[in-house]
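To start, the structure under review is shown below, and the notes come after it.
First listed ligand is number 1; within each ligand, the first listed atom is number 1. On a predicted model such as this, the values are computed, not experimentally measured, just so you know. Just so you know, these numbers use all the heavy atoms, side chains as well, and skip hydrogens, waters and symmetry mates.
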Amino acid sequence: MPRSPAAEIVAGVEARLAAAGCIAAAEEAGELLAAVGPRAAALEEAVRRREAGEPLAWITGLTRFCGHQVRVDPGVYVPRPQTELLAERAAALLAERAAAGCAGCTGAARAVDLCTGAGAVALHCQRSVPGAAVVGVDVDRRAVACARANGVTAVLGDLGSALGDECADVVTAVAPYVPTAAVAFLPADVRCYEPRAALEGGVDGLAVVRRVVAEAGRLLRPGGWLLVELGGEQDALLAPALTRQGFRDVAPWEDEEGDLRGLAARLVRPA
Ligand SMILES: C[S@@+](CC[C@H](N)C(=O)[O-])C[C@H]1O[C@@H](n2cnc3c(N)ncnc32)[C@H](O)[C@@H]1O
């Protein structure tokens, strides 16, 4: 049976994306068409951008995260599926605190999302625990504007420097954590397009994460939880900094392949 004109267009886009090396070419073709429509000039520009390796989410302006539609502006780190593991854990801990309260705490449950980017983690925490006070922080103006466009209360700043002592119940951070030498092995489109300051974390990848640990010691109430995304064997490398800051009950988590994806730790005494 002959294909309809619409099916012809999808098949043409899919073939071009597959030839350019896109792994999920059919899915991406559908997303591009849904975002820009079948108008030839707009579609051609969108396909060319994707063929050149630009992140799909920058072209469509959207990605999905924990079931939410998240706006992603060009220049802003695209939230990754593996980060959903961190966001779900953080939202569950925040919901526990909101339900149970805590000795000496007043007011709403509070969360701080350091290195918020487009605000995906903060957005998930806010939507999962509607009464909670959630704030995102990023050092990049484009990220802060994007997080705000996603409905997140977001402030510009170097980690927690723009915040007071928050007495937060949960601090999250997907800080840059790729070791400098490993940046060269990231996929070409990530390396060429996404901001290096969102990715690279110094020699062992933990330069910013160690500062996050120190900041979390100040921002969290005693008993509050820090959740950070990690990879490789960074949990062992981070252990001394966590202990020094008074964190205990360290619980790493892994993905389905058994790879380390992050850890949670509870503050037992303020730094
Ligand atoms: C790996 S991205 C993660 C973004 C977001 N949390 C997510 O998962 O989609 C890291 C983010 O940290 C921000 N960042 C890097 N250094 C920072 C710092 N010192 N203070 C605040 N934000 C920082 C970058 O601008 C970037 O948006």
Checklist entry - Within a strict 4.5 Å, meaning less than it, do heavy atoms of the Leu32 and Val47 side chains meet? => result yes

Next on the checklist: If you take the nearest heavy atom of each of Thr63, Leu199, Asp158, Asp138, which one is closest to atom 13 (C) of ligand 1?
Outcome noted: Asp138

Checklist outcome for this item: Counting heavy atoms under 4.0 Å, the part of Ala198 that contacts ligand 1 is both

Item to check | Residue portion contacting ligand 1 (non-hydrogen atoms closer than 4.0 Å) for Thr116 | outcome: backbone

Checklist entry - Counting from 1, what ligand 1 atoms have a heavy atom of Pro176 closer than 4.0 Å? => result 15 (C)

Next on the checklist: For Arg261, is there an ion pair with Asp255 - N to carboxylate O distance below 4.0 angstrom?
Outcome noted: yes

Next on the checklist: Among all the protein's non-hydrogen atoms, which is closest to atom 20 (N) of ligand 1, and how far away is it?
Outcome noted: Leu159 N, 2.8 Å

Item to check | Inter-residue atom distance Arg127.CZ - Cys66.SG, 0.5 Å rounding | outcome: 11.0 Å

Next on the checklist: So for ligand 1, is Val137 a polar contact partner (N or O within less than 3.5 Å, distance only)?
Outcome noted: no

Checklist entry - Is there any N or O on Ala120 that sits under 3.5 Å from an N or O of ligand 1? => result no

Item to check | Close approach of Ala197 to ligand 1, heavy atoms, under 4.0 angstrom | outcome: yes

Checklist entry - Among protein heavy atoms, which sits nearest to atom 6 (N) of ligand 1, and what does the distance come to when rounded to 0.1 Å? => result Cys115 O, 2.8 Å

Next on the checklist: Would you say Thr172 and Asp113 are linked by a side-chain donor-acceptor pair, where the criterion is simply a distance under 3.5 Å?
Outcome noted: yes

Checklist entry - So which heavy atom on Val36 is nearest to which on Ala46, and how close? => result CG1-CB, 4.0 Å

Checklist outcome for this item: Short version for Pro195: what comes under 4.0 Å of ligand 1, heavy atoms counted, is neither

Checklist entry - Between Thr180 and Glu200, does any side-chain donor sit less than 3.5 Å from a side-chain acceptor? => result yes

Item to check | Which atom of Gly75 lies closest to which atom of Pro195, heavy atoms considered | outcome: O-CG, 3.3 Å

Checklist outcome for this item: For Asp140, the atoms of ligand 1 under 4.0 Å from one of its heavy atoms are 25 (O)

Checklist entry - Do Arg16 and Glu44 have side chains that get closer than 4.5 Å, going by heavy atoms? => result yes

Item to check | ligand 1 contact by Gly157, heavy-atom criterion under 4.0 angstrom | outcome: yes

Checklist entry - Taking only heavy atoms of Pro79, which atoms of ligand 1 are found under 4.0 Å from at least one of them? => result 9 (O)

Checklist entry - Tell me, do Glu254 and Asp259 make a side-chain contact under 4.5 Å, heavy atoms counted? => result no

Checklist entry - Looking at Thr83, which atoms of ligand 1 are within less than 4.0 Å of one of its heavy atoms? => result 8 (O)

